[in-house]
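Order of listing sets the numbers, starting from 1, for every ligand and every atom in it. Note that these values count all heavy atoms, side chains included, but never hydrogens, waters or copies made by symmetry.
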Amino acid sequence: MSDKKEYNAENIKVLEGLEGVRKRPAMYIGSTGKEGLHHLVYEIVDNSVDEAMAGVCDTITVTLNADGSVSVEDNGRGMPVDKHPVYKVSAMEVIVTKLHAGGKFDKGSYAVSGGLHGVGISVVAALSKKMRVEVKREGKIYMQEYKIGTPQKEVEVIGKYDGKETGTKVTFMPDDTIFSTTTFDFNYLSTRFREIAFLNAGLKIIFIDAREKEKKEEFHFAGGILEFVKWLNRTKQSLHSKPVYFKKEAEGLGIEVAIQYNDSYNDNIQSFVNTINTIEGGTHVAGFKTALTRVINDYAEKKGIIKKGEKLEGDDVREGLTAVISTKVKEPQFEGQTKTKLGNSEIKGIMDSATTAALGEFFEENPTVANTIAKKASEALRAREAAKKAKELVRRKNALGGGGLPGKLADCSSKKAEETELYIVEGQSAGGTAKGARDRECQAILPLRGKILNVEKSNPAKALASEEIANLMTAIGTGVGDGFKMEELRYGKIIIMTDADVDGAHIKTLLLTLFYRYTPHLIEAGHVFVAVPPLFKLRKGQKDVYVYNEEELKKALKDTSGKPEVSRFKGLGEMNDEQLWDTTMNPKTRILKQVSIEDAVEADETLSVLMGDAVEPRRKFIEENAKMAEVDL
Ligand code: 2B7
């Protein structure tokens, strides 16, 4: 991509004049706001980058000057200054004052070129109050100045020098009658310059802010995009220290790819064509993705990481992927909404075969890295399958009719989550009492048959396939894990109501662990509660007083004159509808304990301890916890 060709004024074909640029600036630079303003800088810098890509320039200096102007300087060959055969003026003047003049329309001059719009320096000149171009060539310094695109004098020689250095320097002051803002943003420009430096290994970009406090940044990456992926992963935990890297050059096409996986679940594929960020992707990205999926599938199957017949999907192999794809294309066709999608169909196949070959070879030579990547993809596959099964289950339930809700659920009539409550009740008989006791408008009852599955011991697919858990999750409505949607929540309060005994405490622990593992947001957002039934009833004449713990009971017995009749509640089933309503379900008189995430963590730990085989410590632990649950939860 560095074959040097004869290049002079004759190569420059002039297509049309500058009329229209000032009338419709947005057509050329996108907007007259911040983006358009910064686009001016990119157009000028792109010319320097073209010189760098031609292999004849290694340093670009950009300066934000104190007077509000911008200078860009490169050590390329220097813009041609010889007389143009048609216009009879300096080539420099033609390049700066004629729209579309330049090598971009004469493909022989530059093998590849950046510059999305290809309108270049003439548009910048037309939208600048002042522009000054200086060229160093053959021992002379040439200079011309322009105002809104109009030359003020002929090109003149303003100096001579000894030595071989060549280059171009452009200084321009954006026209404040065109732009809504003319203040340049250092960080905004700096991000793009870093990107350009990554994409052109060895190119040094010096960026100086000379406006207030002098600032200076230098971007220079000998490793190019290999350093780019590492930089993109700088805040992540990478799975292999050395990125996968390959490069291929063919007629009119260059391909360069760097890949490094991290332990996250997202992917970040940055793709470029002639240093232009192809945000919408295109054929180069498509070819890469196809090859990546195929190579990792082949490898994983060969090594028995996935079973025969199992297939990793694109999303599986891209989980945790960071990649930079840089292509140099001679005649890029840009498509899409923002013209940032590569359309050249020939690139897909070339990219596919280059990636297949290079990645296959890398996997053979680096089996540890290859295994890590293939294993991560296979984990993604299993997680995806588990999630799919769970979703299917919910969908199947929905298809059963009755709004898809479980048959055991006695739903409330209000559909407003902010005023509704779901009581999860231990046991069929207590469930029946609760159904009779409740406020039908706002309170729904879901009775549980015995204990639910311990989610600590089973994988998601199995847990979500169990009837009790599926019923519960269907009633709640939000879905689980990644598919959790708070806006689908059907009840504002989810209330666990169990007996004040060992089994009740165990069920409470199982439920809290389920919520903690599958729907932690419900707990975090304060939607999960534990109902507190009373332990005693005191009857004095016709009046009933309920007492929730032993301390309260002692106090109550002291305070009262006359001996009340004391009865003890053991289980919810001992109460009738009215008693249950009064003591545990009436929002005006009941006690609810809101479950915090710490409570849930504790429940989760408790379950882990309880997984042991010894029966006695287990009983003891549950008993202690049951007591605690009554009072503290
Ligand atoms: C398409 C036009 C704009 N141009 C050349 C040669 C070198 C060159 C330029 C440039 C911006 C700020 C400093 C090629 C290309 C015109 O034809 S423009 N360097 N730098 C630039 O604008 N930088 C050139 C072949 C042989 N000799 C010179």
Side-chain angles (χ1 to χ4, degrees), residues 1-15 18 28 39-65 69-84 87 89-126 128 131-146 149 155 164-173 189 193 196 200 203-208 274-275:
M1 228 144 286
S2 59
D3 39 329
K4 286 180 188 152
K5 294 221 172 100
E6 247 340 276
Y7 190 99
N8 53 40
E10 276 161 19
N11 297 57
I12 295 162
K13 290 179 190 154
V14 178
L15 299 181
L18 267 181
Y28 295 87
H39 198 101
L40 301 181
V41 183
Y42 298 147
E43 280 297 339
I44 302 299
V45 170
D46 276 345
N47 280 348
S48 299
V49 172
D50 281 352
E51 283 288 281
M53 286 202 282
V56 291
C57 157
D58 67 7
T59 307
I60 301 172
T61 306
V62 182
T63 310
L64 303 179
N65 299 308
S69 66
V70 183
S71 297
V72 181
E73 188 170 4
D74 69 50
N75 63 349
R77 291 164 292 190
M79 224 182 250
V81 287
D82 48 336
K83 271 218 175 1
H84 191 276
Y87 289 92
V89 294
S90 165
M92 181 201 279
E93 184 172 325
V94 178
I95 290 168
V96 179
T97 61
K98 305 287 184 212
L99 191 64
H100 289 170
K104 284 170 196 183
F105 293 90
D106 184 356
K107 302 271 160 34
S109 302
Y110 285 104
V112 293
S113 166
L116 183 52
H117 303 288
V119 292
I121 190 169
S122 58
V123 168
V124 180
S128 294
M131 180 185 275
R132 177 188 172 96
V133 179
E134 286 170 53
V135 166
K136 278 176 156 184
R137 260 177 99 102
E138 293 142 11
K140 287 187 186 132
I141 304 171
Y142 301 86
M143 188 276 288
Q144 190 170 39
E145 284 183 325
Y146 317 82
V155 174
K164 279 198 261 184
E165 71 260 34
T166 54
T168 309
K169 180 177 179 180
V170 174
T171 301
F172 68 94
M173 173 79 84
L189 290 166
F193 295 154
I196 292 172
N200 294 276
L203 172 65
K204 184 189 280 182
I205 301 181
I206 302 164
F207 185 26
I208 300 163
N274 303 345
T275 78

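Short contacts between ligand 1 and Ser48, defined as distances under 4.0 Å to a heavy atom of the residue, involve ligand atoms 11 (C), 12 (C), 13 (C), 23 (N). Atoms of ligand 1 found under 4.0 Å from any heavy atom of Ile44, numbered from 1 in the order shown, are 11 (C), 12 (C). Residue Pro80 approaches ligand 1 through these ligand atoms, each under 4.0 Å from one of its heavy atoms: 4 (N), 5 (C), 6 (C), 17 (O). Heavy-atom proximity to Val72, at under 4.0 Å, picks out these atoms of ligand 1: 12 (C), 13 (C).
Legend: residues meeting ring-ring contact (aromatic ring centres under 6.0 Å, His included) with Tyr142, ordered by chain and number and at least two apart, are absent.
Among residue pairs with one or both ends in residues 54-65, those qualifying as side chain to side chain donor-acceptor pair (under 3.5 Å) are Asp58-Asn75, Asn65-Ser69, Asn65-Ser71; sequence neighbours excluded.
In the candidate list Lys169, Arg77, Met92, Arg77 is nearest to atom 24 (C) of ligand 1, counting heavy atoms.
For the pair Met79 and Val133, the minimum side-chain heavy-atom distance is below 4.5 Å. Counting heavy atoms from C-beta on, the side chains of Gln144 and Val135 never come closer than 4.5 Å. Under the 4.5 Å side-chain criterion, counting only non-hydrogen atoms from C-beta, Asn47 is in contact with Ile121.
Ionic pairing of Glu134 and Arg132 is present here: one or more N-O contacts between side-chain nitrogen and carboxylate oxygen are shorter than 4.0 angstrom.
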**Prompt:** When you look at Val89 and Val94, which way does the side-chain contact (heavy atoms from CB on, under 4.5 Å) test go after all the steps?
**Reply:** CA-CA 7 Å; Val89 294; Val94 178; 3.8 Å; yes
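Ligand 1 has a nitrogen or oxygen under 3.5 angstrom from a nitrogen or oxygen of Asp74.
Residue contacts with ligand 1: Gly78 is included, with a non-hydrogen atom under 4.0 Å away.
Proximity of Arg137 to ligand 1, defined as any heavy-atom pair under 4.0 Å, is confined to the side chain (atoms from C-beta onward). Of the heavy atoms in Ile95, only side-chain atoms (C-beta onward) come closer than 4.0 Å to ligand 1.
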